[in-house]
Structures are given as structure tokens and as C-alpha cells.
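We're numbering straight along the sequence, starting at 1.
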Amino acid sequence: MTGLVIANWKMHGSTASVMDFIDQWNRLPALADVRTVVCPPHPYLASIGDRMAGMALGGQNCAEQTEGAFTGEVSAAMLVALGCRYAIVGHSERRSLYGESDAVVAAKAASAAVAGMTAVVCVGESLDERQREEHEAVVCGQLSASLALAEAEDIVVAYEPVWAIGTGHTATPAQADSMHAVIRTQLLQQFGDSGKNIPIIYGGSVKPGNAAELFQCDHIDGALVGGASLDANSFWQIASVAGTGRT
Ligand code: PGA
């Protein structure tokens, strides 16, 4: 499977920093055997468009509804109109800070698919859940409910243990790989044979220094990168090793 590396800028950046990123990215060598995606804050989507070489565009969220009186929301069709091919849904920050349930995440993934985008559906356990050794059950429960309305060809799964996001504590390659194997088994149960083609990417403090060992794991198909994606050079370095060792 071709590596997939997605930049999640969260609520960072300015018009000037976005222009700098585009400029720096376009000076870096083209990458082979990897798909790259940038998910900036919505206001910067239009100015990025297709200006970054080889980089697809994605939203960080989308509404579950198609249109109407939903102040502050952005529909999947609006993202598509700006050139987005991906939408992150169910990021742990959306789940914990904005109360998004699995049912809401499922509806968002469905609405992204109807509009023609790939939904990057995020799952992951908290530190408490891992310490209680409930992480596999928690993640399988999230998958079963969050993907309830999805077709295999419309989704990417991002495993992001909450305790590894923005903390500098990456899951070890063994921890990540073993959870990815559990996720693959669950996807095969939910989607049958087509579950084998769903990319499963890892997120949580991925950096240039740890990306290669993560990508060498059998079950890791790429990365969702937060902090380290804000710098064009460091995102390029991560993406440049995503094709390594993949079959
Ligand atoms: P991080 O964020 O790389 O800064 O840990 C990842 C994410 O939240 O998608």
C-alpha cells in the first residue's frame, strides 16, 4: 500500500506562515511512493488550493448535515468546492472538547463520502483506558460505531492514542503496530475482504526522528502529523521515509 502522510495543522498558522510553507514545500524535492495531504484551518483552504506540488487538500472537520441553519459549521460539499479530497472526522480533540460521539463521527464520515471525499476517521484510547488494559476494546468499539455507515473505499482509519497526541510521548512502534493489527482484524470483520485495503495510519507525536521506525512496522500505512507538520522541512522529512519498506 502506498504510504499516506497527512498534515493536521489544527488551529495554527497565519496568512504569512501559510505562504511561507507553500514556498518552502515547493523548493523541496518531489516525493515518490507516498501520498501527502495538508489539512489547514478552513480559512486557508482557498489560498492553498493546488499550489503545493504533489499535495492533496483536506478539511479538519465537516458538518454531518448538508446545509441549513447550523451557525459556524462547514459542509462537506463546501470543502469539496475548495478542492478538498479528504476530511478528518472524530479527531480526539473534537470528541473530547466538542462532545462528538461515535454516532456524530459516523454521520460526518457519511457526509464526507456523499460529497466525494475520503473520511479520515480517528480513533484512540485515553491513558486511563490503556492503563486499565481496555485499549483494544475501546478502539474496536469506536471503530464499530464510527464506521457504521461507511463503505471501505471511502475511509482511512487514523489510530491516535490520546496520551500520545501533542505530548511528545509517541507510542512505541511495537505498541502502535500491535494496535494496528487489532484494527485490521476489526476492519476485516466489519467490511469483509475489502477491509484489507483501508489504510491505517498512526498519529501522536510523529516526528522526523521517529517516523522511519514507525513506517517500518508491518501494519502502519502512514501518519497523521500535528505539531511536526507545521514546518515544511520536518513534514517533508517524515513523508520522505513513508515509502520505505512498504509493500
Ligand atoms: P501531534 O498531533 O503530532 O502534535 O501529536 C497529532 C494529531 O493530533 O493529529
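Side chain of T118 to main chain of V156: no donor-acceptor pair is present (N/O by atom type, distance under 3.5 Å, no hydrogens or angles). The closest donor-acceptor contact from the side chain of R184 to the backbone of I198 lies under 3.5 Å. Without hydrogens or angle criteria, T36 side chain to G54 main chain gives a donor-acceptor distance under 3.5 Å. Remark: side-chain polar atoms of W25 are not paired, donor with acceptor, to backbone N or O of R51 under 3.5 angstrom. A donor-acceptor distance shorter than 3.5 angstrom exists from the side chain of Q60 to the backbone of K10, with no hydrogens or angles considered. Without hydrogens or angle criteria, D154 side chain to A119 main chain gives no donor-acceptor distance under 3.5 Å. Judged purely by atom type and a 3.5 angstrom limit, H219 has no side-chain atom pairing as donor or acceptor with the backbone of H180. Put simply, the side chain of Y202 gets close to the backbone of A171: a donor and an acceptor are under 3.5 Å apart. Looking only at distances, a side-chain donor or acceptor of N210 sits under 3.5 Å from a matching main-chain atom of S205.
Here the two rings, on W9 and Y44, have centers that are 6.0 Å apart or farther.
A distance of 4.5 Å separates CD1 of I165 from NE2 of H91, quoted to the nearest 0.5 Å. Atom CG of N197 sits about 10.0 Å away from atom CG of D221, to the nearest 0.5 Å. Rounding to the nearest 0.5 Å gives a distance of 15.5 Å between CZ of R27 and CH2 of W236. L230 contributes atom CG, which lies 8.0 Å from atom OG of S17 (distance to the nearest 0.5 angstrom). With rounding to the nearest 0.5 angstrom, the CD atom of Q65 is 10.0 Å from the OG atom of S75. Of the inter-residue distances, the one linking L28 atom CG with Q237 atom CD reads 9.0 Å to the nearest 0.5 angstrom.
At least one side-chain heavy atom of W163 sits less than 4.5 Å from a side-chain heavy atom of E125. At least one side-chain heavy atom of E213 sits less than 4.5 Å from a side-chain heavy atom of P173. Taking the side chain as every heavy atom from C-beta outward, L147 and F191 approach each other to under 4.5 Å. Between P161 and M179 there is no side-chain heavy-atom pair separated by less than 4.5 Å. F215 has its side chain out of reach of V34: every pair of non-hydrogen atoms, C-beta onward, lies at least 4.5 Å apart. Residues V89 and C62 meet the side-chain proximity criterion, which asks for heavy atoms closer than 4.5 Å. Inter-residue side-chain proximity for I220 and D177 is flagged as met; some heavy-atom pair is nearer than 4.5 Å. A heavy-atom distance below 4.5 Å is not found between the side chains of I48 and F21.
Tracing side-chain contacts under 4.5 Å through hydrophobic residues (I, L, V, M, F, W, Y), one never reaches V162 starting from L143; they form parts of separate clusters. Criterion: ILVMFWY side-chain heavy atoms under 4.5 Å apart, direct or through other members. Under it, M19 and M55 are part of a common hydrophobic cluster. Connection of V104 to L149 is not established within any shared hydrophobic cluster, with ILVMFWY side chains joined at heavy-atom distances below 4.5 Å, either directly or through further cluster members. Hydrophobic cluster membership is shared by V80 and L82, with clusters built from Ile, Leu, Val, Met, Phe, Trp and Tyr side chains linked at under 4.5 angstrom. Cluster membership for V138 and V182, using ILVMFWY side-chain heavy atoms within less than 4.5 angstrom, is not shared.
Closest heavy-atom contact between V120 and A158: CG1-CB, 4.0 Å. The nearest pair of heavy atoms linking C122 to E160 is SG-OE1, 4.3 Å. Taking each heavy atom of Q142 and G124 in turn, the nearest pair found is OE1-N, 2.8 Å. Residues L57 and P40 share a closest heavy-atom pair of CD1-CD, 4.4 Å. Shown here for P208 and I238, the closest heavy-atom pair between the two residues is N-CG1, 3.6 Å. The minimum heavy-atom distance linking P199 with M1 is given by the pair CA-SD, 3.6 Å.
Only one option out of D20, I22, T15 pairs with V18 in a side chain to side chain contact (heavy atoms under 4.5 Å, CB included); it is I22.
Residue R94 places its CZ atom among more than 12 non-hydrogen atoms of other residues, nucleotides or ligands, all under 6.0 Å distant. The neighbour count for R132 CZ, taken as heavy atoms of other residues, nucleotides or ligands under 6.0 Å away, is above 12.
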Under the side-chain contact (heavy atoms from CB on, under 4.5 Å) criterion, do S144 and Q186 qualify, and how do the steps go? CA-CA 8 Å; S144 144; Q186 171 79 18; 3.7 Å; yes
Walk me through it: do V241 and Q216 pass the test side-chain contact (heavy atoms from CB on, under 4.5 Å)? CA-CA 9 Å; V241 290; Q216 269 150 25; over 6 Å; no
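Here Q175 pairs with T172 under the side chain to side chain donor-acceptor pair (under 3.5 Å) rule; sequence neighbours left out. Applying the side chain to side chain donor-acceptor pair (under 3.5 Å) test to D193 and every residue at least two apart in sequence or in another chain returns K196. Applying the side chain to side chain donor-acceptor pair (under 3.5 Å) rule to S146 yields the partners R95, D102; only residues at least two apart in sequence or on another chain are considered.
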